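Take a look at the structure set out below.
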Amino acid sequence: MEEKIKIPRGTRDFLPDEMFKRRYVERTIREIFQSFGYKEVQTPTFEHLELFTLKSGEEIIEEIYAFKDKGNRDLALRPELTAPVIRFYVEKMQMEPKPLKLFYIGNCYRYDRPQRGRYREFTQVGCELIGTDTPEAYAELIYLSYTILRNIGLKNIVLRLGNLDIIYSLLENMGVKKNQFRELMHLIDKSKFYELEKKLFEMRVAKSKVKMFREFLNCNSIEKLREFIEAPAVDRFREIIDFLKVFGIDKFEIDMKIVRGLDYYKGIVFEIDAPILGAEKQLCGGGEYELIPLFGGKEVPTAGFAIGFDRAIIALEEEGYVFPEQKLDVYVIPINEKTLKNAIKIVNMLREKNIIADVDLMRRGLAKSLKYASSVKAKKAIIVGPKELEKENVIVRDMDSGKQIEVKMKNLLSMIK
Ligand code: AMP
């Protein structure tokens, strides 16, 4: 026997019940974005490889699905959607009124090591806010990401706020050169603090300053930040936090170790975790960034975030969230072939009135049809029999209680509703 073909590593099939859950959550998310004035965009699944190497450097090639097409073009499956959306903005939307609020829901591909919550194909939902850098704009953005995760039903999420401008200002005060920031940030991102200290010593930063920098990274209050540095960036950070409280969020942590792992972030950065997920607990990451000039557009402020949709679903399941199930309002059963056409007319009439209805397509007997009706979770069955039809009646059975009543055909609709 030939070996069965299996699903590729790191990808998933979704059963109907899972798809129903996913679409349900997706619908809620879409509505929340729209209620904040965001508009949905879609970009292609693959892009020129250069789009991603420009943004993240050549190292990114190792982590993504890059390939040549038959025309010898270097392409890549998108690993995320910020670069594609900003490319789209630069090509077609620069003249749009500001602020421009764009959101997306789309699948992404990364050559990651698969594990629970980490896949090679996964879905990100996210948004980009283009054209404003007021503290209230950033506060609204953070509030939006938090609201999405709360309103899809997550109970335990933790918002952490950091600020790259503050780190950069402090490093500068310590005498670190700008071209040295990158390797330091990389070490912070990977939580390699021992190597970080070593690097700083190599850069001839005094021992006391290195110690101070380590304490700064562990600083968890905005008030204490001032003990390390007095900079406009601290005031801006404070203003964003003040507006965040106005929007209604007063539970968050200050975490100066948030780096976002990417070079184009600056200013405010934030992450949201679901502690219940353990190792892969990060649900959302975002912040202020600069990509437009890199893609040839006219510089305007930009910020955004991306939520790992698959992880959000897992977190909901872990928290015991009760998802709605797909159900049938009505299952129509012709007793025999003579009543089949009438049964079809009835199901047609119901569907036209937006009632979720199905009809037996297998010409099987009443008992088997009823069994099927309960397995697809129909609320009611309509049994179409010849004797009742003569009186222009049908039988309506409540699938939960098993109670049956004879109903006039003309009253059927109001009875079902
Ligand atoms: P990033 O674009 O790396 O900031 O990722 C944003 C969010 O996408 C993360 O916080 C995760 O929730 C999610 N994510 C990233 N990589 C994966 C992956 N390989 N599988 C599933 N979710 C992912």
Side-chain angles (χ1 to χ4, degrees), residues 7-14 18 22 25-26 29 43 45 47 51-52 55-57 59-60 62-65 76-87 103-128 141-142 144-146 148-149 152 154 156-162 164 185-186 188-191 255 257-266 268-289 291 302-319:
I7 189 169
R9 191 165 142 80
T11 66
R12 289 153 302 154
D13 295 313
F14 298 105
E18 293 171 276
R22 290 172 71 87
V25 176
E26 213 181 282
I29 293 177
T43 61
T45 312
E47 295 272 354
L51 181 71
F52 303 111
K55 177 186 158 211
S56 311
E59 309 96 88
I60 189 87
E62 290 301 308
E63 295 163 30
I64 66 179
Y65 282 86
L77 297 181
R78 60 183 179 203
E80 51 93 33
L81 276 114
T82 296
V85 171
I86 295 303
R87 179 215 26 88
F103 81 95
Y104 56 80
I105 302 181
N107 30 6
C108 302
Y109 303 82
R110 292 185 192 176
Y111 201 72
D112 259 330
R113 180 188 289 271
Q115 54 182 289
R116 207 176 85 109
R118 184 169 289 279
Y119 311 100
R120 290 185 172 172
E121 182 185 45
F122 60 100
T123 299
Q124 278 193 347
V125 305
C127 66
E128 313 305 335
L141 182 79
I142 299 166
L144 170 58
S145 65
Y146 195 80
I148 288 174
L149 292 170
I152 61 173
L154 284 171
N156 188 10
I157 53 174
V158 179
L159 168 64
R160 291 176 293 114
L161 306 171
L164 298 180
M185 298 306 276
H186 184 74
I188 301 173
D189 187 39
K190 298 274 173 252
S191 302
D255 182 358
K257 293 185 289 300
I258 302 179
V259 167
R260 304 285 315 118
L262 301 158
D263 310 314
Y264 56 90
Y265 275 99
K266 55 182 199 177
I268 183 96
V269 280
F270 60 97
E271 292 179 348
I272 302 176
D273 300 331
I276 202 164
L277 292 182
E280 304 300 324
K281 66 177 185 285
Q282 198 190 303
L283 288 180
C284 172
E288 188 182 348
Y289 63 87
L291 273 182
T302 40
F305 63 78
I307 292 175
F309 180 75
D310 308 86
R311 284 188 200 172
I313 300 273
I314 301 176
L316 282 169
E317 287 167 346
E318 290 282 310
E319 285 191 357

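Each ligand, and each atom within it, is numbered from 1 in the order the structure gives. What you are looking at is a predicted structure, and each value in this text was computed from that prediction instead of being measured.
Aromatic ring centres of Tyr65 and Tyr111 lie closer together than 6.0 Å.
Of the listed options Lys281, Gln282, Arg110, Glu80, Arg110 places a heavy atom closest to atom 1 (P) of ligand 1.
Here Arg311 has side-chain heavy atoms under 4.0 Å from ligand 1, and that is the only part of it that gets that close. Counting heavy atoms under 4.0 Å from ligand 1, residue Arg120 does not touch it at all. At a heavy-atom distance under 4.0 Å, only side-chain atoms of Gln124, from C-beta outward, approach ligand 1.
Remark: distances from the non-hydrogen atoms of Arg260 to ligand 1 include one below 4.0 Å. Using a 4.0 Å heavy-atom cutoff, Asp112 is listed among the residues neighbouring ligand 1.
Relative to the six-membered ring of Tyr109, Arg120 misses at least one condition, a distance below 6.0 Å or an angle of at most 45° to the axis.
Using a 4.5 Å cut-off on side-chain heavy atoms (C-beta onward), Thr302 and Thr82 make no contact.
Residue Ser145 is tested with Ile272, Val125, Ile157 for a side chain to side chain contact (heavy atoms under 4.5 Å, CB included); the sole match is Ile272.
Listed by atom number, the atoms of ligand 1 under 4.0 Å from Cys284 heavy atoms are 10 (O). Atoms of ligand 1 lying under 4.0 Å from at least one heavy atom of Leu283, given by number and element, are 10 (O), 12 (O).
Under the 4.0 Å criterion applied to side-chain N and carboxylate O atoms, Arg160 and Glu271 are assigned as salt-bridge partners.
By the neighbour-count criterion of 12 heavy atoms within 6.0 Å, atom CD of Gln115 is densely surrounded, having more than that number from other residues, nucleotides or ligands.
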